[in-house]
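Quick note on labels: first sequence line is chain A, next is B, and so on, each numbered from 1. This is a predicted model, so every value here is computed, not measured.
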Amino acid sequence: MADVYDKVMELAKRRGFVWPSSEIYGSVAGLIDYGPLGAMMKRKIENLWRDYYVAREGYFEIECPTVGEEAIYIASGHVKGFADKMVQCPHCKEYHRADHVCEAHNIEHAETKTLGELTEILRNLPCPACGKTFDGAEAHYFNLMFHTTIGPGSQRTGYLRPETAQGIFTDFGRLLRFYRDKLPFGTVQIGKSYRNEISPRQGMIRLREFTQAEAEIFVHPQHKEHPNFGRYADRVVPLRGIKQQENDEEPVAITIGEAVKSGIVANEYVGYYIALTHDFLIACGADPARIRFRQHLPDERAHYATDCWDAEVLSARFGWVEVVGIADRTDYDLKAHAAQSGDSFTAFIPYDEEKKVREMKIVADMGALGPKFKGKAKAVAELLAASKPTENGAEIVLDGEKILIPPELYKVREQETVIRGEEVRPHVIEPSYGIDRILYSVLEHAFDEEDVDGETRTVLRISKKIAPVQVAVLPLMSRDGLDTVALELMAEIQDEGLIAQYDDSGAIGRRYRRQDEIGTPFAVTVDYDTKEDNTVTLRERDSMKQIRIPKDHLAETLRQLIRGKVAFENL
RNA sequence: GCACCGAUGGUCUAGUGGCAUGACUUUGGCCUUCCAAGCCAAUAGCCCGGGUUCAAUUCCCGGUCGGUGCACCA
């Protein structure tokens with residue numbers, strides 16, 4: 001069954017987009033190599049992403065290690081949440097959560113038991129699937145994080161990061177200062193993340209090492225209005241909300257402004273990035289008819305997220321594939337890191353107007369309290385501050401003992417305190433992109449075969465913004481000086497910062513086909529007229545149309561074509 | 001991780017207990033004045049480990065990778 005997937009992967013392998021990793025030693029499932037064209041294309045997708053998030057949104061990029069110490073992932077919940085105690089039934093081979101099986105048989109606190117204890121208990125318990133006992137089976141941990149040790153002596157436990165986000169969260173304090181203590185601000189990271197999948201299949205869709213591009217945008221919890229919401233408010237996006245999924249309906253095409261106003265999308269930030277993602281995926285060359293946004297159902301949503309949408313792209317082989325997740329993660333992560341680290345993970349937000357609060361303050365006379373209460377003096381002073389004194393003195397309870405502190409041991413002052421603002425723990429809006437999946441989706445959507453004069457023409461109609469090779473330079477004949485002129489042009493084009501490929505092998509038609517197959521958007525051909533009038537042929541991949549342009553303008557024209565500043569048909 | 005199926009030049013593939021097919025691609029040459037033309041030549045392959053055998057790419061066992069189903073996938 002040669003479906004599009006087979007054809008795309010065959011082409012990807014043959015032409016140097018994607019290869020199985022360490023193929024000569026047998027490869028490892030879930031690990032891939034990007035070949036020369038794949039690596040170039042991936043870099044261009046990442047750079048296009050930077051255009052959107054770094055250049056246009058103003059979110060600076062940081063780079064954190066892929067290896068992180070244990071504390072990070074204890075705080076994030078990955079050490080616990082990503083590790084289940086599993087047991088496999090020796091009879092029917094079914095997998096079960098070891099603690100769940102125990103708890104179903106009234107074993108209390110099974111979750112906290114060790115693997116040995118669980119194995120011991122399970123020995124006499126029946127498998128929920130087949131009814132036979134687990135005798136002979138051993139409970140084992142199952143954590144999807146790659147584990148390692150940092151430094152000699154295996155002293156420190158480390159993990160390969162399962163997402164790039166945690167690096168941004170742990171740098172929160174530094175980032176807040178970098179952005180001069182103001183909300184909102186955003187930070188992005190593009191890099192590798194790791195998940196030790198049990199059974200990674202589906203080619204490039206499910207990898208053990210994959211590239212994420214994530215933005216973490218820190219916003220005031222009460223102000224989730226995006227400052228540039230107007231830019232995307234009128235953009236129509238296919239949304240498949242909870243309602244459509246429950247009624248098994250098609251996505252609704254609706255403006256993002258309307259979606260936010262009607263409450264389908266939780267807030268402007270989430271809506272804004274849904275629209276931006278729509279824009280970005282189409283700019284990469286994904287087919288608009290095969291993109292939709294699906295809202296997470298309440299029961300699949302992570303417990304901390306208030307709203308979460310996946311950008312899904314339709315694949316002929318895999319169905320709708322999640323390529324981007326856009327979540328409002330609330331303050332879950334910052335709260336978790338605050339608890340683990342002791343730092344506050346808050347921003348000080350000044351009020352528009354200072355608040356003045358009049359209050360009674362009870363100030364202890366430490367000179368008198370000290371000798372009287374000795375080591376307990378400090379505790380007494382603190383209790384005094386919170387007490388409500390009467391004329392006879394203030395009654396406090398110290399270690400269960402009621403003590404009356406006479407008025408001469410403290411002073412009561414009425415005092416005005418100025419409150420200039422408050423500490424606010426931001427909420428996090430997180431658009432998270434799976435670059436590998438996007439690259440595959442674009443390849444699949446761009447793959448096209450058409451019949452030209454009885455021959456099959458294979459052409460990758462990828463966006464000229466992410467095509468690995470941008471221009472092919474072809475001498476019609478590799479003689480009569482045509483090759484010399486072509487090589488000169490080649491150098492000029494490369495000087496312009498474009499990626500060009502020179503090809504003088506075989507008939508001209510064959511060379512066009514070669515370039516079509518790797519998605520090169522433009523080809524320049526030097527022919528005999530070039531020597532007469534200094535013009536060259538410029539051919540466009542998608543239409544196969546050709547025009548002649550003066551070779552002096554070539555490099556500049558190409559640059560404008562590729563940046564989308566001018567259209568081929570207007571030349 | 002389980003079950004079933006598969007693995008042969010770069011790609012697709014034929015086939016076999018004893019010299020391993022063909023096509024396409026690629027490279028060089030001839031030819032060729034714009035869309036995979038033709039001719040000549042060259043390069044290049046039986047997934048890995050063990051077993052059976054005089055001899056294994058072929059048969060057997062184990063593994064790896066890929067596909068499918070199950071399980072897993074905050």
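When distances are taken from the side chain of Ala507(A) to each of A37(B), C73(B), C34(B), the shortest belongs to A37(B). In this structure, of U33(B), C73(B), C34(B), it is C73(B) that holds the atom nearest to the side chain of Arg195(A). You'll find that the side chain of Ile508(A) is closest to C34(B), out of U26(B), C34(B), A37(B). Closest to the Thr458(A) side chain, of the nucleotides A36(B), U11(B), C34(B), is A36(B). You'll find that the side chain of Val28(A) is closest to C65(B), out of C34(B), C65(B), C12(B). For Arg513(A), the side-chain atoms get nearest to C35(B) when compared with the rest of C34(B), C35(B), U11(B). Considering only the side chain of Ser505(A), G28(B) comes nearest among U11(B), G28(B), A36(B). Proximity note for Arg14(A) (side chain, C-beta onward) versus C35(B), G10(B), U32(B): the nearest is G10(B). Proximity note for Glu455(A) (side chain, C-beta onward) versus U11(B), A36(B), C65(B): the nearest is A36(B).
Under the Watson-Crick or G-U wobble criterion, with both distances below 3.5 Å, C24(B) is paired with G10(B). Base-pair partner of C30(B): G38(B) (Watson-Crick or G-U wobble, both distances under 3.5 Å). C47(B): Watson-Crick or G-U partner is G63(B), with both key distances under 3.5 Å. Across all strands shown, C19(B) forms no Watson-Crick or G-U wobble pair with both distances under 3.5 Å. When both distances must be under 3.5 Å, the Watson-Crick or G-U wobble mate of C72(B) does not exist.
For C19(B), the O4'-C1' to base torsion is within 90° of 0; the nucleotide is therefore syn.
Residue-to-nucleotide contacts include a donor-acceptor pair under 3.5 Å from the side chain of Tyr512(A) to the base of C34(B).
When each of Gly509(A) and Ser76(A) is assigned the nucleotide of RNA chain B with its nearest heavy atom, Gly509(A) is the one assigned upstream, toward the 5' end. Comparing Asp503(A) and Lys545(A) by the nucleotide of RNA chain B that holds the closest heavy atom to each, the one mapping nearer the 5' end is Asp503(A).
Put simply, Arg514(A) has a side-chain N or O that comes within less than 4.0 Å of OP1 or OP2 on U26(B). Put simply, Arg317(A) has a side-chain N or O that comes within less than 4.0 Å of OP1 or OP2 on U68(B). OP1 or OP2 of G67(B) lies within a sub-4.0 Å distance of a side-chain N or O belonging to Tyr5(A). The phosphate of C35(B) has neither OP1 nor OP2 within less than 4.0 Å of any side-chain N or O from Arg511(A).
Here C35(B) presents its P atom at 17 Å from CD of Glu540(A), a figure rounded to the nearest Å. Computed from coordinates, the Glu23(A) CD to G10(B) C1' distance equals 10 Å when rounded to whole Å. Look at CD on Glu10(A): it is 10 Å from C1' on C24(B), rounded to the nearest Å. Rounded to an integer number of Å, the gap from Met9(A) CE to U11(B) C1' is 14 Å. Distance, Asp527(A) CG to U32(B) P: 17 Å, rounded to whole Å. What separates CG of Asp504(A) from P of G29(B) is a distance of 9 Å, to the nearest Å. Atom-to-atom, CG of Leu482(A) to C1' of U33(B) comes out at 9 Å; the value is rounded to the nearest Å. The distance from atom CZ of Arg510(A) to atom P of U26(B) is 5 Å, rounded to the nearest whole Å.
A distance of 12.5 Å separates CG in Asp504(A) from CZ in Arg479(A), rounded to the nearest 0.5 Å.
Among the atoms of the strands shown, none is found under 4.0 Å from any heavy atom of Arg15(A). When heavy atoms are screened at a 4.0 angstrom cut-off, Gly506(A) is found touching no nucleic acid atom at all.
At distances below 3.5 Å, at least one donor-acceptor pair connects side-chain atoms of Glu214(A) with backbone N or O atoms of Ala165(A). The main-chain N or O of Leu498(A) is never found under 3.5 Å from a side-chain atom of Arg559(A) such that the two would form a donor-acceptor pair.
Using a 4.0 Å cut-off between charged nitrogen and carboxylate oxygen, Glu444(A) and Arg317(A) do not count as a salt-bridge pair.
Both tests hold for Arg292(A) against Trp320(A): distance to the six-membered ring centre under 6.0 Å, angle to the ring axis within 45°.
Nucleotides G45(B) and G22(B) are separated by 13 Å at their C1' atoms, to the nearest Å. Taking atom P in both A71(B) and G9(B), one finds a spacing of 35 Å when rounded to whole Å. Nucleotides A44(B) and A56(B) have their C1' atoms positioned 23 Å apart, rounded to a whole Å. Across the C1' atoms, C65(B) and C59(B) are found 22 Å apart, a figure rounded to whole Å. Of the P atoms belonging to G67(B) and U13(B), the separation is 15 Å, rounded to the nearest Å. Distance check on atom P: A42(B) versus C4(B) gives 46 Å, rounded to whole Å. Comparing U16(B) with U58(B), their C1' atoms sit 6 Å apart, to the nearest whole Å. Separation of the P atoms belonging to G18(B) and A23(B) is 24 Å when rounded to the nearest angstrom.
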The test is side chain to side chain donor-acceptor pair (under 3.5 Å); show your working for Gln515(A) and Gln501(A) and say whether it passes. CA-CA 9 Å; Gln515(A) 295 298 330; Gln501(A) 208 168 60; 3.1 Å; yes
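Contact check for Pro475(A) versus Tyr502(A): side-chain heavy atoms found under the 4.5 Å cut-off.
Within a 6.0 Å radius of CG in Asn570(A), more than 12 heavy atoms belonging to other residues, nucleotides or ligands are found.
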